[in-house]
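Written out below as structure tokens is the structure these notes cover.
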Number of protein chains: 2
Amino acid sequence: MVRTARFSEHCFIEAATHLVAEGGPAAATMQAIARRVGAPTGSIYHRFESRSAILSAAWNAAYASFTGALAPLLREGRAREAALAILPWSSKDEHRARFLLLHEPVTLFEDAPPPAPVREELERLEEAFDSAFRACVAARGDGSVREEELARARFLIFDAPIAIIRPHLLKGGPLPPFVERMIDELHAGLPIAATPDQGIRPMAAA
Amino acid sequence: MVRTARFSEHCFIEAATHLVAEGGPAAATMQAIARRVGAPTGSIYHRFESRSAILSAAWNAAYASFTGALAPLLREGRAREAALAILPWSSKDEHRARFLLLHEPVTLFEDAPPPAPVREELERLEEAFDSAFRACVAARGDGSVREEELARARFLIFDAPIAIIRPHLLKGGPLPPFVERMIDELHAGLPIAATPDQGIRPMAAA
DNA sequence: GGCGTTCTAGAACTGCCATTCTAAATGGTA
DNA sequence: TACCATTTAGAATGGCAGTTCTAGAACGCC
């Protein structure tokens with residue numbers, strides 16, 4: 001067609017991801033993103049209609065990468081491996097992990113809501129991830145999925161591993177070796193299938 | 001002395017806490033805080049030297065309230081009760097819980113660092129909390145404190161309960177009853193004292 | 001090889017927000 | 001009662017960041 005682009009959508013997303021990972025959402029100003037890429041600020045608007053569009057696109061990319069690593073394992077019912085998958089994923093590129101795991105979306109999009117198509121894509125990603133969880137839980141029990149078991153699975157496979165590595169992401173540097181053991185023991189000690197009514201300890205009834 | 005103040009330090013902190021809890025850090029502009037209190041914007045500067053001063057003061061207050069509820073239990077070695085203490089604390093006032101548990105400090109203070117005295121107070125609070133953890137871990141073992149055990153204790157008592165209730169804080173509304181059981185079983189299944197080398201399962205060695 | 005489309009390039013605009021400033025009000029004290 | 005430190009009150013300021021605008025450059029097609 002016409003003039004070849006020097007700057008791709010991808011490189012703007014990459015720059016935004018790095019900036020947020022290193023300095024928080026406020027560090028990812030349009031000028032900072034442009035400066036990092038070496039482009040004029042105006043060029044960003046040829047790819048993204050607004051700041052929240054580029055930030056939410058970066059969020060979607062990171063979320064898709066993460067859930068894409070876990071979902072296949074979940075669908076096979078391999079909960080433990082799925083929980084451990086966060087380790088290679090987060091060390092593969094630390095910036096994306098810091099971006100995704102250290103910031104709530106609400107802190108990114110509070111000024112302006114992201115455009116509809118990007119928001120819809122995130123909803124699709126979340127639904128796909130949710131259905132993978134349901135498949136995992138169903139595979140482990142009698143096929144039915146109770147809310148409590150779903151919450152347990154999400155905690156064991158998603159939130160707990162994140163909580164385990166989060167302090168080390170904040171400090172920076174490599175993950176200590178014992179985080180793998182913690183995730184492992186967590187799965188050995190807390191089953192996804194909720195024990196219906198017998199408290200583990202007498203005091204637990206409370 | 002002189003003219004009596006209509007607006008206290010406390011009510012500005014309260015307003016800032018609510019605004020962040022409801023709409024994220026960017027919602028807590030100086031004018032929004034003032035409007036919520038019914039004061040002119042200038043009045044805030046008679047109590048706080050800057051925006052990051054008031055936000056960090058609010059952070060310190062919430063952090064002190066939370067750690068103050070846990071520390072006494074920790075020092076007595078009552079890890080399970082400490083882990084469960086987050087439940088009454090967070091339902092006592094949901095706004096402070098949302099403020100503290102849903103936002104990393106980095107997203108609050110990224111524009112300007114908080115003034116030195118407030119930062120130092122936070123360091124004191126963090127040290128006190130850390131020492132309570134060390135006391136708890138020491139009380140449960142032979143008195144020595146290994147890094148791994150400290151990390152386990154922080155996860156079991158602090159990060160994991162937060163991770164368990166976070167999804168429900170994000171959605172809003174009351175906590176489902178099974179979160180208490182999850183925290184309980186977590187402590188029954190994953191001991192603070194690290195099992196030195198015997199994997200729980202054969203595959204765990206990895 | 002001109003032409004139109006798409007891009008770069010960067011200056012200009014707009015609005016918002018933290019902060020400051022000036023003036024008026026207040027109320028205990030001397 | 002007069003004083004004056006402190007506060008209210010709210011307008012003014014200054015800067016920054018998102019967004020838009022204008023001009024010019026590059027490339028592939030007809």
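Remark: P of D:dT19 and NE2 of A:H46 are 14 Å apart, rounded to the nearest angstrom. Atom CE of A:M30 is separated from atom C1' of C:dT8 by 16 Å (rounded to the nearest Å). Computed from coordinates, the B:F12 CZ to D:dT7 C1' distance equals 11 Å when rounded to whole Å. A:I44 places its CD1 atom 13 Å from the P atom of D:dT20, with the value rounded to the nearest Å.
In terms of the side-chain hydrogen bond (donor to acceptor under 3.5 Å, both in side chains) criterion, residue partners of B:R75 (sequence neighbours excluded) are, by chain and number, B:S131.
One finds a side-chain N or O of B:S43 lying less than 4.0 angstrom from the OP1 or OP2 phosphate oxygen of D:dT8. The phosphate of D:dG18 has OP1 or OP2 within less than 4.0 Å of a side-chain N or O from A:R51. Distances shown here put a side-chain N or O of A:Q31 below 4.0 Å from the OP1 or OP2 atom of D:dG18. Between B:R47 and D:dT8 there is a side-chain polar atom (N or O) within less than 4.0 angstrom of OP1 or OP2. Within the structure, a side-chain polar atom (N or O) of B:R6 is placed less than 4.0 Å from OP1 or OP2 of D:dA9.
With D:dA17, C:dT19, D:dT19 as the candidates, the nucleotide lying closest to the side chain of B:T41 is C:dT19. Nearest to the side chain of A:P40, among C:dA9, C:dA11, D:dG18, sits C:dA9. Of the candidates C:dT20, C:dT8, D:dG10, the closest approach to any side-chain atom of B:Y45 belongs to C:dT20. Closest approach to the B:F7 side chain among D:dA9, C:dT19, D:dG18 is made by D:dA9 (side chain taken as heavy atoms from C-beta onward).
Judged as a side-chain hydrogen bond (donor to acceptor under 3.5 Å, both in side chains), the pairs with a partner in residues 161-175 of chain A (not counting sequence neighbours) are, in order, A:R166-B:E104.
Ring orientation note: the planes of B:F66 and B:F129 are tilted relative to one another, at an angle of 30° to 60°. Using cut-offs of 30° and 60° for the angle between ring planes, the B:F48 and B:F12 rings count as perpendicular.
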